[in-house]
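Naming convention: chains lettered A, B, ... in sequence-line order (proteins, then strands); numbering from 1 in each chain.
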There are 2 protein chains.
Amino acid sequence: MDKKNEILNEAYRLFSQKGYSLSMSEIAKAVHIKTPSLYSHFNSKDEIIETIIKTEIENCFEAVHKIVSDLKDKNCQETLSYIFFHMIDYCKKSSRPYFLRHLSLMQNKKLRQMCTTLLQECSDCFAEHIRQCFEKGIREKELKETVNEGQIYLYISMIQGILDSEFFIQDKKFRSKDYAVKVWEAYWDGIKA
Amino acid sequence: MDKKNEILNEAYRLFSQKGYSLSMSEIAKAVHIKTPSLYSHFNSKDEIIETIIKTEIENCFEAVHKIVSDLKDKNCQETLSYIFFHMIDYCKKSSRPYFLRHLSLMQNKKLRQMCTTLLQECSDCFAEHIRQCFEKGIREKELKETVNEGQIYLYISMIQGILDSEFFIQDKKFRSKDYAVKVWEAYWDGIKA
DNA sequence: GTCTATATGTTGATAGAC
DNA sequence: GTCTATCAACATATAGAC
């Protein structure tokens, strides 16, 4: 791997730990060069952070696309549970939860604005797929007739909530696969026909 | 108000914005004294932060107690919806969402440990009340017979998820009362007898 | 309690040699 | 590309006058 990518990898790791307050000297130390040498690869700290954020959100966008695509032949239950478990898996992977949370608290106004725009796009795409799946489920009598947008919002909140639980309460119980399975079963029990 | 409390109030506000990286000079400026004068009231930056964190979590603990108490004569639906909307209201108030999220990302190890312990206690207390309410609901045939701990986890995840939505996607839709109402109705529709 | 002056360290960034 | 040397700005914290 070339030095530039090595820098970006370590910057990603450090940003996940410390957020915007990571320092150039920490990055330099992690890639075994001196601080000024970083400026041969990037013009500023913000340029490094901007690069890792853009890359991460692009990856996230692709992951969402990958998860929701190629599921058209599956029924509503299979699709919703597949998306549920795979979104949780993806968002929990390695230091991603910390990275995303630091994003939402970053002070740098310009970078914050960029994140908001990109994440909004990603979220809209996700929500649209879910909506179509619900409509299909109602049409094909797989879901209760009473199912409406409230259940869609609940679906999205449920995923967010599971991902968030481990942050507020550092309890193993919230991180086990079993926990997510039980939540999913409870949810499905409430919407199935 | 005396200077000490004025400092704590401004420190709370600044911590909500910047997290642990708030500076002593920012606090000093906000309360219209010079930086060294802060040390007449507190021994260190960490002492200030520790104080505001302890106060905030104590308040949170009391709020949870207040919300869950005096509801014993109400039925399950009333209790669960009351707790749902009041917990969301409380946690969304002013800068509290930012404060709590900065807590969970704080680098200072000693302070992190303190938060984890205190929040765990608060969460356990909350979960126990919810559990009792569900048991009562099943006993009195207000809830479906199939309701189990999965629905309890879903209830808690749902609240977390609603509180989190506005952080990842800065969309007005997620902040409206209407959104929470729809989620609640969808949830209740899934567990009622 | 509040101030000025100061100590000591770290930050992001640049100049210029190799 | 990487380095040493250096910069101005900022951080937390202390000493001591008033």
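If you take NZ of A:K18 and C1' of C:dT10, they are 12 Å apart, rounded to a whole angstrom. Taking atom CD of A:E47 as the reference point, atom P of C:dG12 lies 15 Å away to the nearest angstrom. When the P atom of D:dT2 is taken as reference, atom NZ of A:K29 falls 18 Å away, rounded to whole Å.
Residues satisfying the side chain to side chain donor-acceptor pair (under 3.5 Å) test with B:Y12, not counting sequence neighbours, are B:E56. With sequence neighbours excluded, the residues forming a salt bridge (Lys or Arg N to Asp or Glu O under 4.0 Å) with A:D178 are A:K182, listed by chain and number.
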| message | Protein within reach of the bases, or only the backbone? For nucleotides 3-18 of chain D, mark each nucleotide 5' to 3' as B, S or -, using heavy atoms under 4.0 Å. | response | BBB-----SSBB----
For residues 129-136 of chain B, dump all side-chain donor-acceptor pairs below 3.5 Å to protein atoms at least two apart in sequence or in another chain.
{"residue": "B:H129", "atom": "ND1", "partner": "B:C125", "partner atom": "O", "Å": "3.1"}
{"residue": "B:Q132", "atom": "NE2", "partner": "B:E128", "partner atom": "OE2", "Å": "3.2"}
{"residue": "B:K136", "atom": "NZ", "partner": "B:K72", "partner atom": "O", "Å": "3.2"}
{"residue": "B:K136", "atom": "NZ", "partner": "B:K74", "partner atom": "O", "Å": "3.0"}

Indicate every side-chain donor-acceptor pair of residues 24-35 of chain B with a distance under 3.5 Å to a residue at least two apart or in another chain.
{"residue": "B:S25", "atom": "OG", "partner": "B:S23", "partner atom": "OG", "Å": "3.0"}
{"residue": "B:E26", "atom": "OE1", "partner": "B:S23", "partner atom": "N", "Å": "2.8"}
{"residue": "B:E26", "atom": "OE1", "partner": "B:S23", "partner atom": "OG", "Å": "3.3"}
{"residue": "B:E26", "atom": "OE2", "partner": "B:K18", "partner atom": "NZ", "Å": "2.6"}

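Listed by first and then second residue, the ring pair (Phe, Tyr, Trp, His ring centres under 6.0 Å) pairs that reach into residues 42-74 of chain B are B:F61-B:H65, sequence neighbours excluded.
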